[in-house]
Amino acid sequence: MFALVDCNNFYVSCERAFRPNLNTVPVVVLSNNDGCLISRSAEAKALGFGMGDAYFQVRPELEYNNVRVFSSNYALYGDMSRRVMHYLASVAPNIEIYSIDECFLDLHGMDRYLHPDLVKYATEVREQILRRTKIPTCVGIAPTKTLAKLANRIAKKIPKLNGVCYLNSPALIQRALEITEVGDIWGIGQQYANKLREQGIKTAAQLVKQSENWARKFLGGVVGVRLLRELQGKVCHQLQPSEDGTLSRQSITYSRTFGTPLTTFPDMVAAVSAFASRAAEKLRRQGSAANTISIFISKDRFSVEPPPYSFSTVVTLPVASSDTSELLRHVRSALKRLWKPGCVYKKAGVVLDGLEIAGQQQLDLFAKTNNGEVRDRLMADLDKLNEKFGSGAVTFASAFVKKGQRPAWDSRADFKSPAYTTSWEQLWTI
DNA sequence: TCTGGGGTCCTAGGACCC
DNA sequence: TCTGGGGTCCTAGGACCC
């Protein structure tokens, strides 16, 4: 058995955790750069505001309905997420942190020994999370991850279930499949949903009756076959335990839309250098080194100009590295290749790929000097200083921004809540 | 007229997820 | 004026090798 614990409207719930007066009013949280709506309270959903709506388009209606608006505050959400996950790690033998607000629990054998009544167990878990973090959740329990996802949706939808849906019999699973539309199945997106509906397949119950060859043909090969089997209750996706409560990534991206579009080369170098520095910090935090660094810069993707809007280049490093100065060298030369004078750029980013465990790289026999240790110490000190005095306290010259000044490329964030839980200066006071 | 075949590695792109 | 960001997995096809 798997359980999926999913936080309800997570970002909104994080904002509400510190402002109980928001509990009964409509609330939304915006994406980076205050671009679109990415989290909505039940009241905001009821008013018709959709996931991904452009803020500037729905702003009049938001104001008219007195909806409370927040810029996203990832320091807060990340910290709240850690608290939830930390608690979950204490109530199940293995957990998989699937995203910032979702976690799979391994309940294998649990119903036979520790918790014969899994609904009771899940209810207690929900109550504890709410009590400890003020975050409401729903729990879906089923024989496979895909069915646990489906159960979770049902727990959210049907109020009388009190936030817990346990699919513990073939009859219940069948019923669940019947009331689930294909587009709501985990792994069926817009493209496949349209294709399925064209073939007259509207519900999960209809989908589950198809053959594996059919799934192979119409749902992306082996991916589709697995999806079908999981719906039939056959486990294809094992739990991938998250050791020590953190996620180790195979690639690391840092990209941003600029608050103000950039038109000069030095501004672009400063922006992308800052992004690369942040990406390198993330890289070192998870103890990895990168084999390739990609740099991209983008024009306005909504303009009437024909594509392409985005231009990128990939640099393969001679030896995997996590050294900011090494990465920054490549940033400058890559940007020289990509930059076209006279263009207006709205976004840029850096992707670190081909990650491996730092310190395991093959020695570069042809390196002129072996100053790797000195470099490692420098990076460790840099990270410590930035942790102590705030991100960006110590930077490389190319990414330098004068204290107190907002860089030209900074994202917009006009409605940001304080870092209640991660900054002494911004502690919530009563 | 026929003009190997099978393997590996890499990359770009498509589909999905939250 | 304004329309996010960060991931995963899989497949097809090209380059290269023997």
Side-chain angles (χ1 to χ4, degrees), chain A residues 4 6-11 28-40 49-60 62 69 71-74 77-78 81 96-104 145-146 149 152-153 182-196 215-227 236-237 240 247-261 275 278-279 282-283 286 291-292 294 296 298 300-303 307-310 312-314 316 344 346-355 411-415:
Chain A
L4 175 67
D6 189 331
C7 302
N8 305 350
N9 318 325
F10 183 57
Y11 298 163
V28 299
V29 174
L30 305 179
S31 65
N32 259 316
N33 214 33
D34 294 343
C36 21
L37 277 52
I38 54 170
S39 184
R40 302 155 293 144
F49 295 103
M51 180 70 174
D53 283 355
Y55 172 59
F56 80 96
Q57 285 174 342
V58 296
R59 187 173 161 182
L62 289 168
V69 175
S71 302
S72 39
N73 182 348
Y74 288 101
Y77 311 150
S81 173
E96 173 184 342
I97 300 171
Y98 176 69
S99 72
I100 195 163
D101 66 342
E102 281 173 83
C103 187
F104 286 105
K145 282 170 140 186
T146 306
K149 268 278 200 189
N152 190 287
R153 277 198 85 262
V182 280
D184 293 330
I185 300 169
W186 191 37
I188 305 283
Q190 200 59 59
Q191 311 285 324
Y192 290 153
N194 290 342
K195 261 206 258 181
L196 292 177
R216 197 182 304 279
K217 190 167 167 199
F218 294 109
L219 291 178
V222 298
V223 180
V225 175
R226 281 184 206 142
L227 191 151
C236 296
H237 300 299
Q240 301 181 330
L247 283 174
S248 223
R249 272 32 249 251
Q250 299 174 39
S251 78
I252 289 172
T253 305
Y254 196 101
S255 75
R256 284 291 177 277
T257 299
F258 308 129
T260 321
F275 297 172
R278 301 301 297 275
K282 285 199 218 176
L283 185 68
Q286 74 164 46
N291 275 296
T292 67
S294 316
F296 70 87
S298 309
D300 183 1
R301 69 192 169 103
F302 296 98
S303 90
Y309 302 118
S310 197
S312 68
T313 179
V314 185
T316 302
V344 175
K346 301 205 54 164
K347 179 178 175 174
V350 170
V351 184
L352 303 176
D353 230 321
L355 306 192
S411 290
R412 184 182 307 194
D414 292 340
F415 321 103

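Every value quoted in this text rests on a predicted model; they were computed, and no experiment measured them. Below, read A as the first sequence line, B as the second, and so on, with proteins coming before strands; counting in each chain starts at 1.
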query = Would A:R256 count as a cation-pi partner of A:F258, with NZ or CZ less than 6.0 Å from the six-membered ring centre and within 45° of the ring normal?
reply = no
query = C:dT1 P sits how many Å from A:F56 CZ, rounded?
reply = 10 Å
remark   = Taken to the nearest whole Å, CG/A:L37 to C1'/C:dT3 is 11 Å
message = Protein within reach of the bases, or only the backbone? For nucleotides 6-16 of chain B, mark each nucleotide 5' to 3' as B, S or -, using heavy atoms under 4.0 Å.
response = ---------SS
message = Between C1' on B:dC18 and CD1 on A:I100, what's the gap in Å once rounded to a whole number?
response = 10 Å
request  = Would you confirm whether A:K145, through its side chain, and A:L4, through its main-chain N or O, come within 3.5 Å as a donor-acceptor pair?
outcome  = no
query = Has the side chain of A:E96 got a donor or acceptor atom that lies under 3.5 Å from a matching backbone atom of A:Q240?
reply = yes
task = Rounded off to whole Å, could you give me the OH-to-P distance for the A:Y74 and B:dC18 pair?
result = 15 Å
ask   = Side chains of A:S71 and A:D34: is there a donor and an acceptor less than 3.5 Å apart?
value = yes
inquiry  = Taking A:I38's backbone N and O only, do any of them form a donor-acceptor pair with A:S31's side chain (distance below 3.5 Å, no angle check)?
reply    = no
task = Would you indicate what A:R256 reaches in the nucleic acid, counting non-hydrogen atoms under 4.0 angstrom: base, sugar-phosphate, or nothing?
result = sugar-phosphate
For DNA chain C, stems built from three or more consecutive Watson-Crick or G-U wobble pairs below 3.5 Å = B:5-18 with C:5-18
message = Mind checking if A:I252 touches a base, just sugar-phosphate, or nothing, with heavy atoms under 4.0 Å?
response = sugar-phosphate
remark   = A:F104 atom CZ is separated from B:dC17 atom C1', nearest whole Å, by 11 Å
inquiry  = In whole Å, I'd like the distance from the CZ atom of A:R59 to the P atom of C:dT3.
reply    = 13 Å
Where A:I252 and A:A279 come nearest, the two heavy atoms and their spacing = CG2-O, 3.9 Å
key: A:I38 vs A:T253, nearer the 5' end of DNA chain C by closest nucleotide   = A:I38
request  = Describe the nucleic acid contact of A:S411 in one word from base, sugar-phosphate, nothing, applying a heavy-atom distance below 4.0 Å.
outcome  = nothing
request  = Grab the two heavy atoms, one from A:N32 and one from A:S72, that are nearest each other, plus how far apart they are.
outcome  = N-OG, 3.7 Å
ask   = Does the side chain of A:K346 get closer than 4.0 angstrom to OP1 or OP2 of C:dC2 through an N or O atom?
value = yes
ask   = Over how many whole Å does the gap from A:Y11 atom OH to C:dG5 atom P extend?
value = 13 Å
query = Got a donor-acceptor contact below 3.5 angstrom from the A:R278 side chain to the A:Y254 backbone?
reply = no
request  = Indicate, with a heavy-atom threshold strictly under 4.0 Å, whether A:D101 touches base, sugar-phosphate, or nothing.
outcome  = sugar-phosphate
ask   = Do you know which two heavy atoms are closest between A:F10 and A:S81, and how far apart they sit?
value = CZ-N, 3.8 Å
ask   = Which part of the nucleic acid does A:F10 contact within heavy-atom distance under 4.0 Å: base, sugar-phosphate only, or nothing?
value = nothing
inquiry  = On a heavy-atom basis, which atom in A:V69 and which in A:F415 lie closest, and how many Å separate them?
reply    = O-CB, 3.4 Å
ask   = Roughly how many Å is it from CZ in A:R249 to P in C:dG5, rounded to a whole number?
value = 17 Å
